[in-house]
Each structure stands twice: as structure tokens, then as C-alpha cells.
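Data block below; observations after.
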Amino acid sequence: MSENTVNHPVTAKKVNPRIENYKMIWKRLKKNKAALIGGYLILLFIIVAIFGPMLLSKDPNETDIANKLAGPSAEFWFGTDNFGRDIFTRIIHGMSITLYVGFTSVVIGLVIGVPLGIISGYYGGRIDNLIMRIMDVLLAFPGILLALAIVSVLGGSLQNVIIAVGIFSIPAFARIVRGSTLSVKKLEYIDAVRALGATDFRIIFRHILPNVMSPIIVQATLRIATAVLTAAGLSFLGLGAQPPMPEWGAMLSEGRAYMYDAWHVAFFPGVMIVLVVLAFNIFGDGIRDALDPKMKQ
């Protein structure tokens with residue numbers, strides 16, 4: 001007695017190109033040990049900024065005149081400042097302030113700079129000339145001087161520092177996105193989509209924006225380091241976070257008067273600024289290499 005056999009076709013496993021692309025980026029990133037270290041440090045900083053203050057029992061602004069300018073010890077890991085405040089506690093609380101300033105100011109630059117760059121590159125003509133001339137005016141001033149001028153007008157405060165750093169971040173995003181948009185809009189599939197009746201809005205947000213995300217991500221990562229350094233510089237000059245807020249730049253400014261008698265007061269805030277800036281810079285460089293399509297596997 002014969003049995004009827006049915007041959008089922010072997011179906012090929014569908015591969016999601018986006019997932020494969022992410023895997024390839026991660027594979028390239030893993031080869032860059034320095035970038036991984038930077039990424040792990042950034043992750044550590046974020047965790048400390050979120051959970052660190054909850055785990056500390058001391059108030060960052062609590063004074064102890066009897067122990068002022070005490071050196072590092074088992075009781076005070078990073079020593080105390082001229083008011084007897086625990087520097088370690090203040091640095092942990094200052095971590096959230098530093099990252100908040102860095103991320104928020106870059107978001108401001110992104111939200112304004114990216115649309116301006118896409119509109120400028122996509123439409124060209126008079127719109128392009130107008131937007132780029134405004135960006136040229138902003139770029140004519142060194143970043144720290146532009147931020148200094150804005151804060152001088154608005155007044156010294158943490159919120160005004162964020163606004164100032166965000167404003168001087170706009171031209172960097174606008175110019176990079178404009179250049180990438182000019183390259184993408186010349187591709188044949190953009191012409192094909194336009195011929196099929198797609199609106200400008202759909203072309204920009206469905207086809208152009210996803211293809212210019214790589215330089216945006218790289219620029220945002222590197223820009224956070226610049227924002228942190230600029231904000232710390234403004235606070236150091238007394239135009240940023242105001243005492244007794246435990247902002248690292250302000251702490252560094254307070255500690256410079258005691259460099260010879262109590263080196264630790266300025267040393268530890270300075271080291272933390274260097275570590276955060278270095279971590280974002282080397283991670284941004286690694287991301288740039290990983291997102292480079294010409295990079296060999």
C-alpha cells in the first residue's frame with residue numbers, strides 16, 4: 001500500500017536588514033576597545049547620576065567647619081572643601097547636573113539644527129542661503145565666546161547655560177545634516193519616490209532623515225563632551241551654576257584658591273570633568289568608525 005507524499009518547499013529564513021545592520025555596527029564597535037571603555041564609563045556615569053544620590057546619607061551642602069579642608073580619608077574619601085562639605089558627596093550629586101546640562105543642551109541643538117539642516121539641503125535656493133548665512137554668523141564666534149555672550153545677556157544660571165550651549169550647538173548640527181541631505185536627495189530612489197507622488201514631508205521624514213542619522217548620532221555624542229566642558233567653563237567663571245549648587249565647574253573655581261594648601265579641593269572635580277569629556281569623545285570616535293560603511297569587517 002503506497003503512501004502519498006507531499007513535498008513542502010523549504011522557505012528561506014527572512015533576514016531583517018535593519019537588525020543585520022545593527023549587528024554589524026556592534027561587531028565593528030566591539031573591535032574598538034577604547035570606544036567600549038568610553039561607552040562603559042558613560043553607562044557608569046548615568047547609573048551613578050540616577051542612583052548615587054539615593055544611596056548617600058549626607059547632604060551635599062552640609063557644612064562642617066571643624067573638618068574644613070580635611071584631606072582624603074576613610075571618613076571623607078575625597079576630603080572636604082573650605083566649608084567642610086564632603087567633596088565625594090558633592091561630586092556624586094554633581095554628576096546628575098553635569099549630564100543633565102550635556103544631554104539637554106544637545107537636545108536643543110538637535111531639535112532646532114536638524115530640521116534647519118534638512119530644509120536647507122532639501123529645498124536649496126534662497127531658503128538654503130538664508131539658513132546657512134545665519135549659521136555662518138553663529139559660527140563666526142568661537143563656541144565658548146558665543147555661549148559667554150548669551151549667558152552675559154540672559155544672566156548667570158544653570159538654565160541659561162543650557163540655553164547658551166544649545167544655541168551654539170545648532171550650527172554644527174545644521175551644517176552636517178545639510179551636507180548629508182544634499183548627498184541623499186541626489187540618489188535615484190528619491191527621484192523614484194517623488195515620481196510616485198510622495199509629498200515633501202514624507203520624503204524628508206521617511207526617506208532622508210533615516211539616511212542621515214549616522215552623522216547626527218556621531219555629532220550628538222561628541223557634542224555632549226563639548227557641552228559639558230563649556231558648561232563647566234562658564235560655571236568656573238561664575239556665569240553658570242551658582243553656589244552652593246554642587247556643579248563641578250563651580251567646585252573647581254572654589255578650589256583654585258586652595259591649590260597649594262588643599263590640592264584635593266580642585267583636583268577631584270577637575271578629574272571628573274576630564275573623565276566625562278574623555279569618555280564621550282572616545283565613544284563618539286568609536287561610533288563614527290562603526291557607522292562608517294567603508295569600514296572593513
- Item | Check: W248 side chain, T98 main-chain N or O, donor-acceptor pair, under 3.5 Å | no
- Task: Kindly give the heavy-atom pair with the smallest separation between A227 and V165, and that separation in Å.
- Result: CB-CG1, 3.5 Å
- Message: If you count every heavy atom of other residues, nucleotides or ligands that lies below 6.0 Å from Y189 atom OH, does the total exceed 12?
- Response: yes
- Query: What are the two closest heavy atoms between V161 and G240, and how far apart are they?
  - Reply: CG2-CA, 3.3 Å
- Query: Should we count NZ of K58 as having more than 12 external heavy atoms under 6.0 Å?
  - Reply: yes
- Query: Between L116 and S120, does a side chain to side chain contact (heavy atoms under 4.5 Å, CB included) hold up when you go through it step by step?
  - Reply: CA-CA 6 Å; L116 288 177; S120 178; over 6 Å; no
- Closest contact, heavy atoms only, P246 versus R90: CB-O, 3.4 Å
- Message: For residues M245 and L252: do they belong to one hydrophobic cluster (side chain heavy atoms under 4.5 Å, members Ile, Leu, Val, Met, Phe, Trp, Tyr)?
- Response: yes
- Message: When you measure from the side chain of S105 to the backbone of G102, do you find a donor-acceptor pair of N or O atoms at a distance under 3.5 Å?
- Response: yes
- CD/Q219 to CD1/I287 distance, rounded to the nearest 0.5 angstrom? 13.5 Å
- Is the shortest heavy-atom distance from the side chain of R85 to the side chain of D64 under 4.5 Å? no
- Can you tell me how far the CG atom of D136 sits from the CZ atom of R175, to the nearest 0.5 Å? 5.0 Å
- Task: Indicate yes or no for a side-chain donor-acceptor contact from K68 to the backbone of D81 under 3.5 Å, with no hydrogens or angles considered.
- Result: no
- Query: Hey, does L209 have a side-chain heavy atom less than 4.5 Å from the side chain of I216?
  - Reply: yes
- Derivation and outcome, side chain to side chain contact (heavy atoms under 4.5 Å, CB included), residues N82 and Y258: CA-CA 8 Å; N82 55 309; Y258 307 96; 3.4 Å; yes
- In terms of side-chain heavy atoms, does D200 have a donor or acceptor partner in Y122 at a distance below 3.5 Å? yes
- Between F78 and F88, how do the two ring planes meet: parallel, tilted or perpendicular, split at 30° and 60°? perpendicular
- Task: Rounded to the nearest 0.5 Å, what's the gap from CG on L130 to CD1 on I119? Could you check?
- Result: 11.0 Å
- Query: Between R178 and D128, what is the shortest heavy-atom contact and its length?
  - Reply: NE-OD1, 2.7 Å
- Just wondering, do I112 and F173 contact through their side chains at under 4.5 Å, heavy atoms? no
- Spatial distance of atom CG (L239) from atom CG (N160) [nearest 0.5 Å]: 10.0 Å
- Query: Do other residues, nucleotides or ligands put more than 12 heavy atoms under 6.0 Å from the CZ atom of R133?
  - Reply: yes
- Message: I'd like to know if the side chain of S235 reaches the main chain of A232, judged simply by a donor and an acceptor atom lying under 3.5 Å from each other, with no hydrogens or angles considered.
- Response: no
- Query: Are L237 and L148 side-chain neighbours, meaning at least one heavy-atom pair lies under 4.5 Å?
  - Reply: yes
- Is any side-chain heavy atom of V265 closer than 4.5 Å to a side-chain heavy atom of E254? no
- Query: Are more than 12 heavy atoms from other residues, nucleotides or ligands located less than 6.0 Å from atom CH2 of W263?
  - Reply: yes
- Item | Check: D86/T80 side-chain N/O donor and acceptor closer than 3.5 Å | no
- What are the two closest heavy atoms between L41 and A279, and how far apart are they? CB-CB, 3.9 Å
- CD1/I42 to OG1/T221 distance, rounded to the nearest 0.5 angstrom? 7.0 Å
- Query: Can you list the steps and then say if I162 with Y100 is a side chain to side chain contact (heavy atoms under 4.5 Å, CB included)?
  - Reply: CA-CA 9 Å; I162 293 173; Y100 172 73; 3.3 Å; yes
- For V212 and S180, the nearest pair of non-hydrogen atoms, with its separation, is CG1-CB, 3.5 Å
